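Have a look at the structure below before the remarks.
Read the numbers this way: they start at 1 and go in the same order the structure lists the ligands and their atoms. Remember, predicted model here, so these are calculated numbers, not experimental data. Both backbone and side-chain heavy atoms feed into the values below; hydrogens, waters and symmetry mates do not. Numbering starts at 1 and runs along the sequence shown.
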Amino acid sequence: MVGLRPDSGSTRTMPVPLLKADQVTKIYGDGQPVLILDRVSLELSEGEFVALLGPSGCGKSTLLRILAGLVPPSRGQVLVRGEPLRGVNPAVAMVFQTFALFPWLTVLGNVELGLLARGIPRWSREQRAREMVELVGLKGFETAYPRELSGGMRQRVGFARALAVGPEVLLMDEPFSALDVLTAENLRREFFELWVGRRLPTRAVLMVTHNIDEAAALADRIVILGANPARVRLELPGLPPDLRQVRGPERAALVDVVYRVMTSPAAETLVSAVGQPEVPAEAPPVYQMLPHVSLGQVAGLVEQVRARGGREDLYRLAEDLGLEAGDLLPVVEAADLLDLVEVVEGDVLLTEAGRKLAVADPEGRRSILRRQLLDRVELIRDLMEALQASPRHRILAQVFRSRLEQVFSRAEAGRQLETAIAWARYVGLLGHDPRLDVVFLPGWGQAGGD
Ligand code: ADP
Ligand code: MG
């Protein structure tokens, strides 16, 4: 497991954005000016795939053109690695919905175009173009003309042309929406595999789409724009990469949340109040049942057992502590699950880890509990892995809740997640933002952008 050592994650900081829209406002029209974009801020960092979702006509293409430096903002600015952009942005390349190929040029000729504009010599231009044509799966079609290609193949040329220049940021304007459903699905999957396999010569991707499921299938982060004028309504973390391409309950849950945000007037208050979609289970994950007690109670139990010489009869313990067995048992169960005690013939015994915990100072205690949680609690391990796998280390809690619903009832799934989050927070493994219902690694509490 990568990066799950107890103390990892506490000193991370945000990377410097590769590309940033800083309070970008756009007004069109001379006679009757129309406000299209209203102070839109958005940033893109190394390694991120961000989807920009918004209704048709809200100004998504306008924002991409502004980021590409093809259209100036009316107010605000674009920053490229922190520097204000003047003129055309040399750090980006664009993939268009309508492919925008030149009919009189071959596949290779179309792919070479961007390189031509950047003054690359002929020989290396052609070699680079051939590499890109192969990367997008068009080897053998180098000398074909666009009219001889299907829509999917034409868009492959569009990808190859944009990627040929090795842009820092790839901007894609509804790149799959002119294709039929199956072709789009295939191309999307291939593109995603190249991206997660780090085989694309670009550092970040910003994709405009009006298709929620497409955003959920691809993005690390989803930025939702409203219309008239376009403002950023909400930013949500996407799914961990291994859950994106699967049509599972996690993706359905994310789509549902985004859909509700897009169709409701007050997005921010809604995220944690949504219901869950019904999705048939495929292979349900295996999770233990976590007893709903606090780690403070567990530590208290361990201390009590140590004070009695490291072993005590359950019944006497309950009596001495003035507890009903029914109240003590979940605490014992939690301690047992964390391998701090074992129960033998009605007696509670401290384990090795339990003995260490009982004599540790507060920081040592946290560190022992952290290790036990990561070793013993499947759900916390999965949460941490998913957080590590997300570039901004943030996840919508709802995604895990719907995963748990494959194992537990809806109400119990909610309680299980609540307990797991409470335990993990207690030892500083993660944080939780109840307003957005987002869990995050320490240091990643703030959403990107403004
Ligand atoms: P989207 O890509 O989200 O569908 P666009 O960015 O293409 O939206 O357009 C947003 C709005 O700006 C639309 O109402 C469109 O008519 C208007 N618009 C786009 N370009 C221009 C322009 N050059 N001059 C005037 N209005 C424009
Ligand atoms: Mg558009």
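Annotation: atom 4 (O) of ligand 1 to nearest protein heavy atom, Gly57 N, 2.7 Å. Residue, atom and distance of the protein heavy atom nearest to atom 12 (O) of ligand 1 are Ile36 CD1, 3.3 Å. Looking at atom 6 (O) of ligand 1, its nearest protein heavy atom turns out to be Thr62 OG1, 2.5 Å. Looking only at protein heavy atoms, the nearest one to atom 19 (C) of ligand 1 is Tyr28 CE1, 3.5 Å.
Looking at Glu405 and Arg415, no side-chain N of the basic residue comes within less than 4.0 Å of a carboxylate O on the acidic one, giving no salt bridge.
Proximity of atom 25 (C) of ligand 1 to the protein is indicated by at least one non-hydrogen atom lying closer than 4.0 angstrom.
Between Gly29 and ligand 1, not a single N/O pair is under 3.5 Å apart.
Arg188 forms no cation-pi arrangement with Phe191, by the criterion of a distance under 6.0 Å to the ring centre and an angle within 45° of the ring axis. Remark: Arg154 fails to qualify as a cation-pi partner of Phe99 under the 6.0 Å distance and 45° angle criteria applied to the six-membered ring. For the pair Lys139 and Phe141, the NZ or CZ position fails the cation-pi test of under 6.0 Å to the six-membered ring centre and within 45 degrees of the ring normal.
In summary, no N, O or S atom of Thr62 is located under 2.8 Å from the Mg ion (ligand 2).
Listed by atom number, the atoms of ligand 1 under 4.0 Å from Ser61 heavy atoms are 1 (P), 2 (O), 6 (O), 7 (O). Of all atoms in ligand 1, numbered sequentially from 1 with element shown, those under 4.0 Å from a heavy atom of Ser56 are 4 (O).
With a 4.5 Å cut-off on side-chain heavy atoms, Arg189 and Phe192 do not count as touching.
Applying the 6.0 Å contact sphere to CZ of Arg75 captures no more than 12 heavy atoms from other residues, nucleotides or ligands.
A side-chain donor from one of Arg403 and Tyr287 sits under 3.5 Å from a side-chain acceptor of the other.
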